[in-house]
2 protein chains.
Amino acid sequence: MPLNPSRPDKQSLSAEDWAEAALEAVASGGLEAVAVEPLARALGVTKGSFYWHFASREALVRAALELWERRETVDIIRGVEEIADPYEKIVKLFKRANSSYKAGRLYLAMAAASDDPQVGEVVRRVSTLRLTYLHECYRALGLDEHEAQLWSTFAYATFIGNQQVHRDAPDRFPEGASFSEYFKLMIRTLIPRGDGVKARDDAKDGDGAVREEHPSVVSLRSPLGKTGSDS
Amino acid sequence: MPLNPSRPDKQSLSAEDWAEAALEAVASGGLEAVAVEPLARALGVTKGSFYWHFASREALVRAALELWERRETVDIIRGVEEIADPYEKIVKLFKRANSSYKAGRLYLAMAAASDDPQVGEVVRRVSTLRLTYLHECYRALGLDEHEAQLWSTFAYATFIGNQQVHRDAPDRFPEGASFSEYFKLMIRTLIPRGDGVKARDDAKDGDGAVREEHPSVVSLRSPLGKTGSDS
DNA sequence: CGCCATCAATACGCTGCCGTATGGATGTTG
DNA sequence: CAACATCCATACGGCAGCGTATTGATGGCG
């Protein structure tokens, strides 16, 4: 009786299944939660399975990090690559950052484990990539190198801080209509449109505030076979 | 020769010494680093000592949390209690938030361990307290309840995000002269002062003691000496 | 001095996780 | 069917940390 928790039949696990489970574990219990035997129990198998796919726990962590970095790297531009207007692009980035609570938790958990050199390296790369991308968006807004540096850092700090506040003081984090206002305030404040940028009014807000905890978060379909077993 | 690492002679440990060491461990290695035997080694003793002061590891964690919460609670108003001008007060708060890197790391580590219900509870209280205090500062600026809510959350998210960025992408975080500019930009942006934002010109009359006299943070001034020894 | 409290060392058993060894079950292929 | 590959179960040894029990050293105090 394999006792398969929420895994609609699949008599064989792949290495990526393990990596996926590891990411799940990180998100909900930190890096320390990536333990072979507990994970095996959660997947309804024993470690005999694990050590067939991986040489060690460290190898699993490495695989999970790789998976995570790939997804983060792709997700940075996901859904904004076709937006020409830099202003709208940044807005979209913000919108997404505030909608994926789960991805936020995962990032925070990874960042918290930066003491591990293996993890720290990837976290630095991911953070740097995000900052670089934002930087370019602000450059496209018309800011010079230096100003773009300041503003992009500012903006990034704010939305990473939002995830933190959302987690650490959920009662105090604006919800519903209040969040819409909060969101607009941030947009209005964090995207300069003075000097070289045409004025813009917040009248046309296409699809309204997206927020509201999409259950389905990111979970892209990875290029290597194995279409998601996720919902 | 007890082999006492960096503890200028003191042949006897107190419970608070252990709690202090625990906080140190959390800051540099996360909550998991609060382990009895490693801590004992670091303190140059054996666990025989520990279990005289504490009943269990959990008790140590509890003590450390208590110590931390007390300090955080005091530190919120430390150095700003005599500043009358709310604008300068917020500036000072920001300044301090960006200067104490070590305290920032400790907070992030604690927040990362919020899965532990014991920790999560304290983290929520600390975060809420900070937000509440900031909220009042913004109210004192002349903002109404709702606006103060938005701005204080915004500001808090930003400076907690700064700590995160500073840790996760140290190369990208402004330093030196660049930081001064960055800091000024944040101040200018996050503290509405008439320019660009309403509510600041509405100094209708003195006092401003409107209703809403809810239990304020300022009322706490706990009587525990022992000033922190952070750098 | 003798008594007791304080603080710490040592030794022990227990648990949880890591990694290995080995064999079993199923499927595929010649 | 035989041979092999794939995936997993079981059993084992090892280690690190938790908690307990017991003894030892030191210092104040009658």
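Here is how names work: the chains are called A, B, and so on, in the same order as the sequence lines, proteins then strands, and each is numbered from 1.
Rounding to the nearest 0.5 angstrom, the gap separating the CG atom in A/Leu39 from the CD atom in A/Glu20 is 11.5 Å.
Comparing C/dC17, D/dA9, C/dA8 by their nearest atom to the side chain of A/Pro38 picks out C/dC17. Of the candidate nucleotides D/dC8, C/dA8, C/dC17, C/dC17 has the atom nearest to the side chain of A/Ala35. Listed candidates were C/dC18, C/dC7, D/dC8. Nearest to the side chain of A/Thr46 is D/dC8.
At whole-Å resolution of the value, CG in A/Leu39 and P in C/dC17 are 10 Å apart. The separation between B/Phe50 atom CZ and D/dC18 atom C1' is 10 Å, rounded to whole Å. Distance, B/Trp52 CH2 to D/dG19 P: 18 Å, rounded to whole Å. Distance B/Tyr51 OH to D/dG19 P: 4 Å, rounded to the nearest Å. If you measure from atom NZ of B/Lys47 to atom C1' of C/dC7, you get 17 Å, rounded to the nearest angstrom. When the C1' atom of C/dT10 is taken as reference, atom CD of B/Glu37 falls 12 Å away, rounded to whole Å.
The environment of B/Glu175 atom CD is sparse: at most 12 non-hydrogen atoms of other residues, nucleotides or ligands sit within 6.0 angstrom.
Between C/dG16 and A/Arg41, no contact under 4.0 Å exists linking OP1 or OP2 to a side-chain N or O.
Listed in residue order, the members of residues 53-65 of chain A having a heavy atom less than 4.0 Å from DNA chain D are A/His53.
Using a 4.5 Å heavy-atom cutoff, the side chains of A/Arg96 and A/Arg78 are in contact. Put simply, the side chain of B/Arg130 reaches to within 4.5 Å of the side chain of B/Glu72, judged on heavy atoms.
Classification of A/Lys89 and A/Glu136 as a salt-bridged pair fails, no side-chain N sitting under 4.0 Å from a carboxylate O. The pair B/Glu58-B/Arg62 meets the salt-bridge criterion, since a charged nitrogen lies less than 4.0 angstrom from a carboxylate oxygen.
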